Amino acid sequence: MIEKFPYVIGQPAEIFHNGKWKKGKIVSGYRFQDGIVTVRTESGETVWCGEARIDLYRPLAN
């Protein structure tokens with residue numbers, strides 16, 4: 001089975017946090033593949049949101 005966004009660790013992504021889109025990568029955080037999407041930003045910050053909140057995260061175009 002090929003995993004798809006947001007289940008690919010290391011896949012580039014953006015997450016909306018504190019009023020702006022932050023670039024980073026998907027990481028295996030709390031409840032990975034069980035309702036929570038976690039992104040580690042380029043600055044090292046870890047930000048998460050509920051998987052259902054597709055308005056707050058998106059794949060980053062390469």
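Remember, it's a predicted structure, so these values are computed and weren't measured experimentally. Only this structure's heavy atoms are used, side chains among them; waters, hydrogens and symmetry mates stay out.
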Can you name the closest pair of heavy atoms from V37 and P6 and give their distance?
CG2-CG, 3.7 Å
Is it possible for you to say whether F32 and V47 belong to one hydrophobic cluster, with membership spreading through side-chain heavy-atom contacts below 4.5 Å?
yes
I9 CD1 to K25 NZ distance, which is reported to the nearest 0.5 Å:
12.5 Å
Linked, directly or transitively: I54 and I26 (ILVMFWY side chains, under 4.5 Å):
yes
I need the R40 CZ to E45 CD distance, nearest 0.5 Å.
11.0 Å
Under 4.5 Å between any side-chain heavy atoms of W21 and R58, yes or no?
yes
Applying a strict under-4.5 Å side-chain criterion to I, L, V, M, F, W and Y, I'd like to know whether W48 and Y30 cluster together.
yes
Could you pull out the closest heavy-atom pair between Y57 and C49, with the gap in Å?
CD2-SG, 3.5 Å
Least distance between heavy atoms, F5 atom then A13 atom
CE1-CB, 3.9 Å
Smallest heavy-atom separation, E3 atom then V8 atom, equals O-CG2, 3.4 Å
Separation of E51 CD from T38 OG1 (nearest 0.5 Å)
10.5 Å
